[in-house]
Amino acid sequence: MAENLVIVESPAKASTIEKFLGKDYIVKSSYGHIRDLDKKNLGIDILQEYSPQYIIPEDKTKVVAELKKLSKNAKTVWLASDEDREGEAIAWHLFEVLGLKQEKTKRIVFNEITKNAILNAINKPRDIDINLVNAQQARRILDRLVGFEISPVLWKKVRPSLSAGRVQSVAVRLIVEREREINAFKSTTSFKVSGHFIIDEKKVKLLSELENKIDTKELTLNFLKKCTGAKYTVSGIITKPSKKSAAPPFTTSTLQQEASRKLSFSVAQTMAIAQRLYEAGKITYMRTDSVNLSETAINAAKNVILKSFGEKYSYPRQYKTKTKGAQEAHEAIRPTYLDNSEIEGSNQEQRLYELIWKRTVASQMTDAILEKTTVAIDISTTVEKFIATGEVLKFDGFLKIYIESTDDESEDNNERLLPPLTIGQELTLDYIRATQRFTHHAPRYTEASLVKKLEELGIGRPSTYAPTISTVQQRGYVLKEDREGIERVCQDFLFKNDVISEKVLKENTGAEKAKLFPSDIGLIVNDFLISHFKEILDYNFTANVEKEFDEIAMGNVVWYKMIDKFYKPFHETVQETTEKSERNVGERILGKDPVSGKPLLVRIGRFGPMAQIGESTDEEKPRFAGLLKGQSIETINFEDALALFSLPRVIGIFENTAISAGVGRFGPYLKHDNKYYSIKPSEDNPLTINLERAVEVIGLKRTEQENKVLKSFKEDSEIMVLNGRFGAYIHYKKNNFKIPKTKNPETLTFEDCKEIISKTPASVKGKKPVRRKKNSA
DNA sequence: CAGTGAGCGAGCTTCCGCTTGACTT
């Protein structure tokens, strides 16, 4: 039996470390926290100085039992959880739960997994820092109080099963406020004027732009008229050196952003793939806020760069984190072995690995040296000037392997090469073009840009970014959606051979892909929380309490006194809100129904957002109509709301039977001959769809249905082989059966099917999936 | 699968941060 038991947080880490240490050491993992507040109730004794009631969750009992057994037999137990607030608490919980003795317990920390770092740590053990543990307990208890006291208020005042919390509610607020900013945004237009010149007998072209955009069509035309018969002369050339530096190595947040922009991965996808790479020993830990690289990694990167690119490209350095509240218990995310620029694995794993490899190596490479040239072109007939800009890459440096992407979709970049020019040179005008431009509203958040914003505000941790994003979507506060753009016309003028011609161009604007939108319930909950719990929804709330947690960690403040100071007024607000505030359904009265004269209003109903004619208190029952996808209680206008009541409407006659369009529980549909045909909100609108298109939709659905049946049998018409979303399967008496991978669905015989049906266990056959009613509305 | 939105009451929902596997369809 080994004399030493080392406990770390992650099993992959445990097996790596076990290799570094000799036979006298056994290394095990706690799999994160081993104890937590009871889930079933508050788990805090408010009257006993907020004393927490910890329990060991069911899925942790096995680990705890094993660690207990091993620790009994060990001479020394080394608590090697992470070097941050949570890690310190994990060490303390282990100490308490395993019933360890002070004399035989040692607390060690290291923030890189190298043999040296670990041996050094073992030579410098310390005791558990109880102040730091208390800071964690305060954090845990504050979060529980906020979450478990506010959520029930929402159940009463808005809808059951909703939730609120220090992190998620602020995430929703960001999205709500951005959406309102966008709704209030008024686009202004101007004209971008570009001058196109020919140099060197038509061979080389030069593109330039007028110094300033012109505000109106009139002024633009004036300018173009002024250019009649003008001469164009190069009046100035300025060349300036500039440089670009490599970005620091990846943290969780920057990896999520780059994987989103470069590989179109969702935040959850990135983390799942990174987890696999980590478990396979290909990369370092993927939940980190540190940009730090180990000495070994820096040297390895240096060697790779020297070997592949030469000395001019090597610039070893350590980056400093600028992130608010970073705890830096781990290294940056990097390849474990920098020699491997590629790995085996799934396509996604390879692409993510390659991204990490390039970013890490680039971070140790020299700056790129650029030369920016600005050329001024005078117009003889007016004071305005054309400006041509060009950029020449003098030395590529880190750009050889990595270019960081950005969020803003700027229209054009100036990275053009300019032809050789001299001052005084006269240029031949090819044409001038003036195009109408529109200002853009702030972009909607993507999952990754929301994580970036949360990190900037110091809200949430690397381990919670992905879960938070999924929670706000699961609660129905936020929808990740694509939106079709709308067409808009823009004017375009061409000035060539002193003649102005006009064109009207069409462009698509406002199209969105995988962007975050607030739902109606998100808007209502957000407004409710801001009006009653302003302090907690404040963007600085986390930063403020973090300062107090730091005071606790330094031993300057007693943790439960800090909690008490927060809780007393908070709890009073909770009670007051419960007693006094109205039920909130986000009701808006839009006007009067022209037919009945009764009020037309929109609100949240039992099944989501809806429009209503007449009050619920009226003798006559009100009329109801659900809102369509993409419509919102907050922005829908009177006409659109009224139009909803024209459904279901008859579109026309097809095959001697009427086709009608409507909206039901599962969205918009067509009904024909008692059969329903779903229509996609992104393609058709039940209010405007015409007969021709409706017949087309029905036809498509019919052929799809025909293709669905792969096989049917004469022996028993109830057994069929069908083609489904997950491939072929057998359908029999309302039950579905999986076809074993060893069988080819095309060649299945009637006997084969019967055998598969009879061999499928009854428990699986009869069981219907338990549908959790969570995402309705 | 499809146009609901009543009302009663029991029982349940919920937080943030550490960690990995189970789970079918």
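Atom set for the values below is all heavy atoms of this structure, side chains included, hydrogens, waters and symmetry mates excluded. Quick note on labels: first sequence line is chain A, next is B, and so on, each numbered from 1.
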Inset, instruction - Please tell me which of A/Ser163 and A/Pro462 maps to the more 5' nucleotide of DNA chain B, matching each residue to the nucleotide holding its nearest heavy atom. - result: A/Ser163
Figure out the [atom1]/[atom2] separation between [X] and [N], and round it to whole Å.
{"X": "A/Arg649", "N": "B/dA2", "atom1": "CZ", "atom2": "P", "answer": "22 Å"}
{"X": "A/Ile679", "N": "B/dG3", "atom1": "CD1", "atom2": "P", "answer": "16 Å"}
{"X": "A/Leu142", "N": "B/dT14", "atom1": "CG", "atom2": "P", "answer": "20 Å"}
{"X": "A/Leu79", "N": "B/dC18", "atom1": "CG", "atom2": "C1'", "answer": "15 Å"}
{"X": "A/Asp36", "N": "B/dC15", "atom1": "CG", "atom2": "C1'", "answer": "10 Å"}
{"X": "A/Asp84", "N": "B/dT19", "atom1": "CG", "atom2": "P", "answer": "8 Å"}
{"X": "A/Lys156", "N": "B/dT14", "atom1": "NZ", "atom2": "P", "answer": "16 Å"}
{"X": "A/Glu86", "N": "B/dC18", "atom1": "CD", "atom2": "C1'", "answer": "6 Å"}

Can you identify which nucleotide, out of [options], has its nearest atom closest to the [X] side chain?
{"X": "A/Ser10", "options": "B/dA2, B/dT19, B/dG17", "answer": "B/dT19"}
{"X": "A/Trp155", "options": "B/dC15, B/dT14, B/dG3", "answer": "B/dT14"}
{"X": "A/Pro648", "options": "B/dG3, B/dC15, B/dG17", "answer": "B/dG3"}
{"X": "A/Ser678", "options": "B/dG3, B/dA2, B/dT19", "answer": "B/dA2"}
{"X": "A/Leu647", "options": "B/dG3, B/dC15, B/dT19", "answer": "B/dG3"}
{"X": "A/Arg287", "options": "B/dT14, B/dT19, B/dG17", "answer": "B/dT19"}
{"X": "A/Pro11", "options": "B/dC18, B/dT19, B/dC15", "answer": "B/dT19"}

Legend entry - Face-to-face stacking of A/Tyr676 with B/dC1, centres under 5.5 angstrom, angle under 30°: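 No, the aromatic ring of A/Tyr676 does not stack with the base.
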What is the nucleic acid contact for [X], judged by heavy atoms within less than 4.0 Å: base, sugar-phosphate only, or nothing?
{"X": "A/Phe645", "value": "nothing"}
{"X": "A/Asp59", "value": "nothing"}
{"X": "A/Val167", "value": "sugar-phosphate"}
{"X": "A/Arg139", "value": "base"}
{"X": "A/Gly147", "value": "base"}
{"X": "A/Gln612", "value": "nothing"}
{"X": "A/Ile150", "value": "nothing"}
{"X": "A/Ala164", "value": "sugar-phosphate"}
{"X": "A/Tyr278", "value": "sugar-phosphate"}

N/O (side chain, [X]) to phosphate O (OP1/OP2, [N]) under 4.0 Å:
{"X": "A/Arg140", "N": "B/dC15", "result": "no"}
{"X": "A/Tyr669", "N": "B/dC1", "result": "no"}
{"X": "A/Arg475", "N": "B/dT14", "result": "yes"}
{"X": "A/Gln136", "N": "B/dG17", "result": "no"}
{"X": "A/Ser151", "N": "B/dT13", "result": "no"}
{"X": "A/Thr464", "N": "B/dG17", "result": "yes"}

Do the ring planes of [X] and [Y] sit parallel (below 30°), tilted (30 to 60°) or perpendicular (above 60°)?
{"X": "A/His33", "Y": "A/His93", "result": "perpendicular"}
{"X": "A/Tyr567", "Y": "A/Tyr50", "result": "perpendicular"}
{"X": "A/Tyr669", "Y": "A/Tyr676", "result": "perpendicular"}
{"X": "A/Phe533", "Y": "A/Phe570", "result": "tilted"}

May I ask you to say whether [X] pairs ionically with [Y], meaning some side-chain N is under 4.0 Å from a carboxylate O?
{"X": "A/Asp538", "Y": "A/Arg173", "result": "no"}
{"X": "A/Arg140", "Y": "A/Asp36", "result": "yes"}
{"X": "A/Arg85", "Y": "A/Glu546", "result": "yes"}
{"X": "A/Lys324", "Y": "A/Glu455", "result": "no"}

List, with names and distances, any nitrogen or oxygen atoms from the protein found under 3.5 Å away from nitrogen or oxygen atoms belonging to nucleotides 4-8 of chain B.
| residue | atom | partner | partner atom | Å |
| --- | --- | --- | --- | --- |
| B/dG5 | OP2 | A/Lys621 | NZ | 3.2 |
| B/dG5 | N2 | A/Phe607 | N | 2.8 |

Inset, instruction - Give me the one residue out of A/Ile141, A/Leu142, A/Asp143 that meets side-chain contact (heavy atoms from CB on, under 4.5 Å) with A/Arg139. - result: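 In the set A/Ile141, A/Leu142, A/Asp143, the residue that makes a side-chain contact (heavy atoms from CB on, under 4.5 Å) with A/Arg139 is A/Asp143.
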Inset, instruction - Determine whether more than 12 heavy atoms belonging to other residues, nucleotides or ligands lie under 6.0 Å from atom NZ of A/Lys598. - result: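 Result for NZ/A/Lys598: enclosed.
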Legend entry - A/Ser346 side chain to A/Glu349 backbone, donor-acceptor under 3.5 Å: yes
Check the interface with nucleotides 10-12 of chain B: list each N/O to N/O pair with the protein under 3.5 Å, or write none.
none

Inset, instruction - Please report the C-alpha distance between A/Tyr31 and A/Ser10 in whole Å, then the side-chain angles of each, then the deciding distance to 0.1 Å, and finally whether the side chain to side chain donor-acceptor pair (under 3.5 Å) criterion is met. - result: CA-CA 5 Å; A/Tyr31 292 82; A/Ser10 138; over 6 Å; no
